Amino acid sequence: MAGEIPDLHAQERTGTGKGAARAVRRAHLVPGIVFGGDKEPLAIQLPYNALIKRLKAGRFKSTLFNLKVDGHEDVRVICRDVQRDIVKDLPTHVDFMRLRRTTKINLFIHVEFEGEEECAALRKGGVLTLVRPEIELVVTAGDIPEKITVDLTKMENIGDTLTISMVDLPAGTKPTIDRDFVICNISAPSALRSQEDDEDEDQVDEVEAEEVAAEE
């Protein structure tokens, strides 16, 4: 997650029940609830268009938000459920959970690459291919890293790959995936790959020609 925690604006919702929820939706708002954090649940409503934009951006349930509700202190929340209309697949209700500073959550953290100029594999003409520009980590809500820094100087040859075990993660974080997955690799430039493919084809043609001659 790069940069600051995004703000999510909402209003306190006074009515409860199905009738009140339908009235909220008719006003182009989406009803929701905020719970947890040793406080009473807070009924809220969010602007429909703003929520749709957030949902379309992706990873809504794994993004930490700074919830701003008029008359209440800002609070960090994470979405726990988005209820949708079974026919139109549009949001009808949203559940948010307040987070303590010690709460462990899963978040996608932005990866920043450094050392490109000193990377031997790139200086040999290799091309950097990003496999995971973000990494999902288990983090503490009160100590979320802004980014994960990856040192490309560890990659010396074309064809090298860099995996999560080669990255120094911030203290208190760990990947959600147990295996040693790839973050990036150094591939040969397209011209070189085409040349290698042509050479492979020529070798195959020579072998086939030799086999035909032997048969004759």
Side-chain angles (χ1 to χ4, degrees), residues 1-10 32 34 36 46 49-68 74-82 84 89 91 94-122 126-190:
M1 181 183 61
E4 298 179 354
I5 298 171
D7 289 337
L8 188 65
H9 295 270
V34 184
L46 301 96
N49 290 336
L51 178 59
I52 287 292
K53 184 177 180 180
R54 292 284 190 185
L55 291 172
K56 287 183 177 180
R59 294 178 176 166
F60 187 74
K61 291 185 177 180
S62 58
T63 299
L64 186 67
F65 291 105
N66 179 47
L67 183 65
K68 303 178 77 70
D74 293 359
V75 60
R76 289 185 175 185
V77 299
I78 193 167
C79 178
R80 278 296 173 244
D81 187 39
V82 178
R84 296 176 179 269
D89 195 36
V94 188
D95 295 344
F96 293 99
M97 184 178 71
R98 300 184 187 96
L99 298 178
R100 300 186 182 91
R101 292 186 60 82
T102 56
T103 303
K104 295 286 186 179
I105 54 174
N106 296 0
L107 287 180
F108 283 92
I109 308 298
H110 174 70
V111 176
E112 183 174 285
F113 297 89
E114 64 177 20
E116 292 187 43
E117 294 183 358
E118 296 81 16
C119 176
L122 292 178
V127 177
L128 177 65
T129 301
L130 308 184
V131 179
R132 293 178 184 270
E134 293 179 309
I135 302 174
E136 188 177 19
L137 299 178
V138 179
V139 300
T140 304
D143 191 21
I144 298 173
E146 179 180 339
K147 61 187 178 183
I148 300 299
T149 302
V150 172
D151 183 9
L152 295 177
T153 60
K154 299 177 181 179
M155 309 181 77
E156 298 181 352
N157 301 300
I158 294 176
D160 282 356
T161 60
L162 190 146
T163 62
I164 189 63
S165 63
M166 301 166 66
V167 178
D168 295 327
L169 295 176
T173 69
K174 67 176 183 178
T176 58
I177 302 174
D178 290 334
R179 60 182 172 81
D180 191 20
F181 55 86
V182 174
I183 297 174
C184 65
N185 59 55
I186 303 291
S187 58
S190 56

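Keep in mind it's a predicted model, so treat the numbers as computed, not measured.
Annotation for I186 and A121: closest pair CG2-CB, 3.7 Å, computed over non-hydrogen atoms. The nearest pair of heavy atoms linking T173 to P170 is OG1-O, 2.7 Å. Counting all heavy atoms, side chain and backbone alike, K61 lies closest to V82 at CE-N, 3.9 Å.
Between atom CG of residue L51 and atom CG of residue L8 there is a gap of 7.5 Å, rounded to the nearest 0.5 Å. A distance of 6.5 Å separates CG in L67 from CZ in F96, rounded to the nearest 0.5 Å. A distance of 9.0 Å separates CZ of F108 from OG1 of T63, quoted to the nearest 0.5 Å. Separation of atoms CG (L64) and CD1 (I5) is listed at 4.5 Å; rounding is to 0.5 Å. Note that CZ of F181 and CD1 of I164 are 4.0 Å apart. Values are rounded to the nearest 0.5 Å. Taking SG of C184 as the reference point, atom CG of L130 lies at 6.5 Å (rounded to 0.5 Å).
You'll find the side chain of V127 reaches within 4.5 Å of the side chain of S187, heavy atoms only. Using a 4.5 Å heavy-atom cutoff, the side chains of I78 and L99 are in contact. Residues I105 and V138 are not in side-chain contact: their nearest non-hydrogen atoms beyond the backbone lie 4.5 Å or more apart. Residues I148 and D168 are not in side-chain contact: their nearest non-hydrogen atoms beyond the backbone lie 4.5 Å or more apart. At a threshold of 4.5 Å between non-hydrogen side-chain atoms, the residues L137 and L107 do not count as touching. Taking 4.5 Å as the limit, some side-chain heavy atom of I135 sits within range of a side-chain heavy atom of V111. In this structure, V131 and I183 have side chains that are not in contact, with every pair of non-hydrogen atoms separated by 4.5 Å or more. E146 has its side chain out of reach of I109: every pair of non-hydrogen atoms, C-beta onward, lies at least 4.5 Å apart.
Here D95 does not pair with R80 in a salt bridge; the nearest charged N to carboxylate O distance is not below 4.0 Å.
In D178, the CG atom is not crowded: 12 or fewer heavy atoms of neighbouring residues, nucleotides or ligands sit closer than 6.0 Å.
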Verify side-chain contact (heavy atoms from CB on, under 4.5 Å) between V150 and R132, making sure each step is shown before the conclusion. CA-CA 11 Å; V150 172; R132 293 178 184 270; over 6 Å; no
Show the numbers, then the answer: is there a side-chain contact (heavy atoms from CB on, under 4.5 Å) between K174 and L169? CA-CA 7 Å; K174 67 176 183 178; L169 295 176; 5.5 Å; no
Do H9 and N66 pass the side-chain contact (heavy atoms from CB on, under 4.5 Å) test, and can you show the C-alpha distance, the side-chain angles, and the key distance before you say yes or no? CA-CA 8 Å; H9 295 270; N66 179 47; over 6 Å; no
Evaluate the criterion side-chain contact (heavy atoms from CB on, under 4.5 Å) for residue pair R98 and V34; output intermediate values, then yes/no. CA-CA 7 Å; R98 300 184 187 96; V34 184; 3.5 Å; yes
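With hydrogens and angles disregarded, a donor-acceptor distance shorter than 3.5 Å links the side chain of D180 to the backbone of S165.
Contacts classified as salt bridge (Lys or Arg N to Asp or Glu O under 4.0 Å) and involving residues 112-121 (residues at least two apart or in different chains) are given here: E112-K147.
A donor atom on one side chain and an acceptor atom on the other are not found under 3.5 Å apart for S62 and N106.
Cation-pi check for R76 over F65 is not met; the charged atom does not lie both under 6.0 angstrom from the ring centroid and within 45 degrees of its normal.
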Considering only distance and modelled atom types, tabulate donor-acceptor pairs under 3.5 Å from the side chains of residues 153-160, sequence neighbours left out.
{"unit_1": "T153", "atom_1": "OG1", "unit_2": "D151", "atom_2": "OD1", "d": "2.7"}
{"unit_1": "T153", "atom_1": "OG1", "unit_2": "D151", "atom_2": "OD2", "d": "2.8"}
{"unit_1": "K154", "atom_1": "NZ", "unit_2": "M166", "atom_2": "O", "d": "2.4"}
{"unit_1": "N157", "atom_1": "OD1", "unit_2": "K124", "atom_2": "NZ", "d": "2.8"}
{"unit_1": "D160", "atom_1": "OD2", "unit_2": "E156", "atom_2": "N", "d": "3.0"}
{"unit_1": "D160", "atom_1": "OD2", "unit_2": "N157", "atom_2": "N", "d": "2.8"}

